[in-house]
Asker: 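Attaching a single structure in structure tokens format; questions to follow.
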Protein chains: 2
Amino acid sequence: MTRKESILQAATVLFSQKGYKETSTADISGLTNVAEGTIYYHFHNKEKLFLSVLERTREMIIEEFESYMENRHFRDGMEMIENAVSFYMYLAGKMENQFLLLHRHYPYQMALTLPSCRENLEAIYDCLIDIFEEGVLMGQKDGSIAKMPPRKTALIIFSMVDGVVRFKTYNLYDASALFNDIIVSCRKILATDHHYEEGA
Amino acid sequence: MTRKESILQAATVLFSQKGYKETSTADISGLTNVAEGTIYYHFHNKEKLFLSVLERTREMIIEEFESYMENRHFRDGMEMIENAVSFYMYLAGKMENQFLLLHRHYPYQMALTLPSCRENLEAIYDCLIDIFEEGVLMGQKDGSIAKMPPRKTALIIFSMVDGVVRFKTYNLYDASALFNDIIVSCRKILATDHHYEEGA
DNA sequence: AAAAATACCGAGTGTTAACTCAGTTTTACT
DNA sequence: AGTAAAACTGAGTTAACACTCGGTATTTTT
């Protein structure tokens, strides 16, 4: 692994676990056995390093999600959303540090003054919410999902799932224990009145 | 207003808007026209000041919520939850800074090493989720809410609402635009199969 | 193999921020 | 009014941190 790569990895871990301000370039240097000067050689300054971490995070999350969705076939919109929800929860566990980074307030604060930061965050959320919205639209065509505003519905489903993941992040409650209940709640929110299914 | 009080207020604003590490005692001193020494006279150090802010936040949120709930009468459990949800969204706007503080990762990190910090956070979430749980239990008795695990259901409702509030916090989406949709979704999650109401 | 370009190093620098403390002002009490 | 206690002040101290820079090692090119 190149030094540049190991700096990025260590920065991802430390920025997410300790926070941006709480992580010093000396910390990163110590964790990687790469001299501090090298960090500045590759990333110019700490802020740009953070942006690189965020950009990498965006690439990884979007790629993971799109490759999951595209090579798959769903019976109907409802099934698509159920799958998207469970994949989101799976991914939040697999890419723990990246999701933790997104659950910190720092990136959103940086986004207020740094357009490139905001672009990365918006790209991630747009990608995720677009997938949910697509599922709603598909479900409304095939009759598995009731008529309701697609974008808003996607946002609500997303915030429900993300909120539960956050409980885990905050060490308040174990998200995986709520997995089934989340899926059931999604179905209830989306179900059409007549053909109401309750599976386990 | 006493100096101690104005320090607490300024600290609440700055810690929530800028972050803990990003706020210096000089910042607080500047905003209050109180000398830095005075901050240390009253709070001993920056960490203890933060804890005082958090304790105050806990007191205020719990008091607001309990006084809202206790002087009120609900037709059934469903109505109680609807009211709790809308009051939560109202309060998140009214006490913007305190909620922002709770939406930052810092307090949860501090909670890992500082039991008194964890106690404050748990007290807040316990209070809120207890209220939702109580609503579920009530609704299951009076028939307005379906049979489902009360605690888990309360957690899901809570994370849905809190997740939407967070969109606002992060400047990604305006929570108030989703208000009606949230209420409708809650009803759908909770409703009994037979007596399914859909109001506006 | 020599030269050029790239990657890397870590001691040094300037700044910032938490916290202290010796002294001053205000309040409380007799 | 006089005195003791509490509240307050801000210059000074110390440590940590982001970043620089002159020099060295490594890789690439010719």
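On a predicted model such as this, the values are computed, not experimentally measured, just so you know. The figures here come from the full heavy-atom set of this structure, side chains too, leaving out hydrogens, waters and symmetry mates.
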Asker: Distance check needed: dA7(D) C1' versus Ile7(B) CD1, whole Å only.
Answerer: 11 Å
Asker: With sequence neighbours left out, what residues match Val13(B) under side chain to side chain contact (heavy atoms under 4.5 Å, CB included)?
Answerer: Gln17(B), Asn97(B)
Asker: Give a yes or no answer on whether the side chain of Tyr108(A) reaches the backbone of Leu102(A) with a donor-acceptor pair at less than 3.5 Å.
Answerer: yes
Asker: Using the 3.5 Å cut-off, write out each protein N or O paired with an N or O of nucleotides 13-20 of chain C and the distance between them.
Answerer:
{"residue": "dA18(C)", "atom": "OP1", "partner": "Thr23(B)", "partner atom": "O", "Å": "3.3"}
{"residue": "dA18(C)", "atom": "OP1", "partner": "Lys46(B)", "partner atom": "NZ", "Å": "2.8"}
{"residue": "dA18(C)", "atom": "OP2", "partner": "Thr25(B)", "partner atom": "N", "Å": "2.9"}
{"residue": "dA18(C)", "atom": "OP2", "partner": "Thr25(B)", "partner atom": "OG1", "Å": "3.1"}
{"residue": "dC19(C)", "atom": "OP2", "partner": "Lys46(B)", "partner atom": "N", "Å": "3.0"}

Asker: Just the rounded figure in Å: distance from P of dC8(C) to CG of Asn33(A).
Answerer: 13 Å
Asker: May I ask you to decide whether Asp181(A) forms a salt bridge with Arg151(B), counting only side-chain N to carboxylate O separations under 4.0 Å?
Answerer: no
Asker: With a 4.0 Å limit, can you tell me whether Arg3(A) has a side-chain N or O closer than that to the phosphate oxygens OP1/OP2 of dA7(C)?
Answerer: no
Asker: Check for a donor-acceptor pair, side chain of Asp142(B) on one end and backbone N or O of Gly77(B) on the other, with a separation under 3.5 Å.
Answerer: yes
Asker: Work out how much the helix from dA1(C)-dT30(D) to dT30(C)-dA1(D) bends between its end axes, five pairs an end, to the nearest 10 degrees.
Answerer: 20°
Asker: With respect to the phosphate group of dC8(C), does any side-chain polar atom (N or O) of Tyr41(A) fall under 4.0 Å of OP1 or OP2?
Answerer: no
Asker: Here's one to test your reading of the geometry: is the NZ or CZ of Lys46(A) within 45 degrees of the ring axis of Tyr20(A) and under 6.0 Å from its centre?
Answerer: yes
Asker: Whole angstrom is fine here: how far is it from CD1 in Ile39(A) over to C1' in dA18(D)?
Answerer: 11 Å
Asker: Tell me the side chain to side chain donor-acceptor pair (under 3.5 Å) pairs involving residues 48-68 of chain B, sequence neighbours left out?
Answerer: Glu5(B)-Arg56(B), Arg58(B)-Asn120(B), Glu64(B)-Lys94(B), Tyr68(B)-Asn83(B)
Asker: Figure out the CD/P separation between Glu5(A) and dC8(C), and round it to whole Å.
Answerer: 12 Å
Asker: Does Ala11(A) have any side chain to side chain contact (heavy atoms under 4.5 Å, CB included) partners at least two apart in sequence or in another chain, and if so, which?
Answerer: Phe15(A), Ile28(A), Leu49(A), Val53(A)
Asker: If only side-chain N and O atoms of Thr38(B) are considered, is one of them under 4.0 Å from the OP1 or OP2 phosphate oxygen of dT9(D)?
Answerer: yes
Asker: For Lys18(A), enumerate each residue passing the side chain to side chain contact (heavy atoms under 4.5 Å, CB included) test, keeping only those at least two apart in sequence or located in another chain.
Answerer: Leu14(A), Glu22(A), Thr23(A), Asp27(A), Gln109(B)
